[in-house]
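Structure record follows, encoded as structure tokens.
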Amino acid sequence: MLQKYLNANLLNVTDDDDHKKLLKSSEELTKKLLKSKAKVALFTLIAIDPDIDPENPSILEVKALIIKHWATFSTNAKDTALVFIRAVIFDSLSRLLDKDGFSETIWFASRNIIKYRKLIGKEKEIIFEFLTNIGKSINQKGIQSWSIEPMNNSAKQLELKTVERYLLSEETLTKYLEDAAGPQGKSGAANFASPNPYWSTQQTHWSLEFAPRASKGIKINVDASLKAIAHTVNENSATIQKAINSDLLTESDDEKQRILALRSQLLWWKEAGYSDSTDQAYDEINSRTMGLVLACDYAEIIPIIYPKSVDYFLKHTYRNILKKDSGEVNLKEFFDNIKNSEDQLNNVIPETDLIEELPNLLNFVSKLSRNQVNISQVMELTGIPEDTEVKEDELIVWLFHDFLLLKVLKQK
């Protein structure tokens, strides 16, 4: 990400050593962020906000870290210090994408609120590309994990062995038949122990001794050939079975059953229209707060990795309960309804330290419902004006994502 900022001429760095100092700062910040997904969510929200307060504690923390590696940073970047700091944060975030749960943390923290940040020009392009790629990756994982059919249909090259030994040994068979024919072969001696003690001139005795010795010799020779063939065939069979188990049957029966059960649960939940968290039917709840309850309940059902279509399922469920298309809602009006429904929302809105410092919608709603903040503080605490108009169904999905972010943060 630092290189993209440099390529876009958003950072005034002409000395390679200064660039290396920024990279060292990013590496050190990454080590700190690895210890806390909650801090990753916080720094994500800070990084996407070009109007963040320069005196914000997290901004000052990163600034001090940069100065540790680049003593003259304040002088060299005095007019664009915030851009440098946010670029370092983004570079650190990009280093976390291959770690479990961190991509989801960044995605859920930023995906809805990003549209209300005043990003412009090349920086907007860089940040949107960064977040869009994360979203695409998560969606692809979701499609695979929710699929009933195996996803890996690619042809695989199997290395099968060739049967090298399959012909009978003429020399060995001849020796056995010589011993079956008489006391000695053309060499003047028996080839193996216990040859036929009679010559063919002694027909009665000879024939009785010939048959078992001849059949034994033939059996030994044929068995040796068949054993070599069977060994190779069995090895090939094991190779093919392993390939089938690992590639063609990537989804176990248990996993398929889990996915089918989840889909059935969603359909039942939608048709029943019942909220576990409030012990009420959704259509019995105040329509202006019902969406918040819906988002909370839905987040309890949905796993963190899911395909994008799951968002649309929530939108359709919300509209079906309303029995009409959702319109737009003013955030102040939405917050007013929350204030007037405190008792009903006690079991819905979480009280947790995990999102305590996050400038996100769910944190504000949680504090508002507990009289810890006023509606007038929404701009101060989230950076979103209180008179913002939002489509109702999109607001429900936004809250759903915030609930999922909380779910990610709870994971170890």
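- Between Phe102 and the options Ile134, Val408, Leu96, a side chain to side chain contact (heavy atoms under 4.5 Å, CB included) holds for only Leu96.
- Heavy atoms from other residues, nucleotides or ligands lying under 6.0 Å from CG of Asp353 number 12 at most.
- Here the straight-line distance linking atom CD1 of Ile302 with atom CG of Asp297 works out to 11.5 Å at 0.5 Å rounding.
- The number of heavy-atom neighbours closer than 6.0 Å to NZ of Lys24, taken from other residues, nucleotides and ligands shown, is 12 or below.
- Judged by distance alone, with hydrogens and angles left aside, the side-chain atoms of Asn337 form a donor-acceptor pair with the main-chain N or O of Glu333 at under 3.5 Å.
- A 4.5 Å side-chain heavy-atom check between Ser277 and Val293 finds at least one atom pair inside the cut-off.
- Panel note: side chain Asn363, backbone Leu358; a donor-acceptor pair is recorded below 3.5 Å.
- Between Phe43 and Val62, some side-chain heavy-atom pair lies under the 4.5 Å cut-off.
- Taking the six-membered ring for Trp, Phe335 and Phe364 have ring centres closer than 6.0 Å.
- Applying the 6.0 Å contact sphere to CD of Gln184 captures more than 12 heavy atoms from other residues, nucleotides or ligands.
- Atom NZ of Lys124 has 12 or fewer neighbouring heavy atoms from other residues, nucleotides or ligands inside a 6.0 Å radius.
- A salt bridge links Lys68 with Glu28: at least one charged nitrogen is closer than 4.0 Å to a carboxylate oxygen.
- Distance CD/Glu104 to OG/Ser137: 8.0 Å, rounded to 0.5 Å.
- Residues Leu23 and His19 meet the side-chain proximity criterion, which asks for heavy atoms closer than 4.5 Å.
- Within the 3.5 Å criterion, the main-chain N or O of Pro195 finds no donor-acceptor partner in the side chain of Asp179.
- Ring-centre distance between Tyr274 and Trp268: not below the 6.0 Å cut-off.
- Between Phe400 and Tyr298, the angle of the ring planes lies from 30° to 60°, which puts this pair in the tilted group.
- Other residues, nucleotides and ligands contribute at most 12 non-hydrogen atoms within 6.0 Å of the CG atom of Asp100.
- Contact check on Glu392 versus Arg319 returns no salt bridge, with no Lys/Arg side-chain nitrogen under 4.0 Å from an Asp/Glu carboxylate oxygen.
- Between Leu11 and Leu2, some side-chain heavy-atom pair lies under the 4.5 Å cut-off.
- Shown here is Glu300, whose CD atom has no more than 12 heavy atoms of other residues, nucleotides or ligands within 6.0 Å.
- At a threshold of 4.0 Å, the pair Asp223-Lys219 counts as salt-bridged, since one of the basic side-chain nitrogens sits closer than that to a carboxylate oxygen.
- The closest donor-acceptor contact from the side chain of Arg213 to the backbone of Ser194 lies under 3.5 Å.
- If you take CG on Asn133 and OG on Ser94, they are separated by 11.5 Å, rounding to the nearest 0.5 Å.
- The side chain to side chain contact (heavy atoms under 4.5 Å, CB included) with Tyr306 is formed by just one residue from the set Leu404, Ile138, Asn139; it is Leu404.
- A side-chain donor-acceptor contact under 3.5 Å links Ser36 to the backbone of Lys39.
- Here the straight-line distance linking atom CD of Glu386 with atom CZ of Phe334 works out to 14.5 Å at 0.5 Å rounding.
- Donor-acceptor pairing under 3.5 Å is recorded for the side chains of Lys339 and Asn371.
- Heavy-atom neighbours of Asn320 CG from other residues, nucleotides or ligands within 6.0 Å: above the threshold of 12.
- The side chain to side chain contact (heavy atoms under 4.5 Å, CB included) test with Ile384 singles out one residue from Thr382, Leu381, Asp387, and that residue is Thr382.
- By the 4.5 Å heavy-atom criterion applied to side chains, Gln265 and Leu262 are counted as neighbours.
- For Lys21, the NZ atom sits in a packed shell: over 12 heavy atoms of surrounding residues, nucleotides or ligands are nearer than 6.0 Å.
- Side chain of Asp91 to backbone of Ser26: no donor-acceptor contact under 3.5 angstrom is found.
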Step by step, would you call Val329 with Leu395 a side chain to side chain contact (heavy atoms under 4.5 Å, CB included)?
-> CA-CA 9 Å; Val329 60; Leu395 180 60; 3.8 Å; yes
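- Between Thr72 and Ile67, the closest side-chain pair of non-hydrogen atoms is not below 4.5 Å.
- Checking Asp311 against His401 by side-chain atom types alone, a donor-acceptor pair falls below 3.5 Å.
- In this structure, the side chains of Phe313 and Lys270 come closer than 4.5 Å at one or more pairs of heavy atoms.
- Checking side-chain atoms of Ser145 against main-chain N and O of Gly142 turns up a donor-acceptor pair under 3.5 Å.
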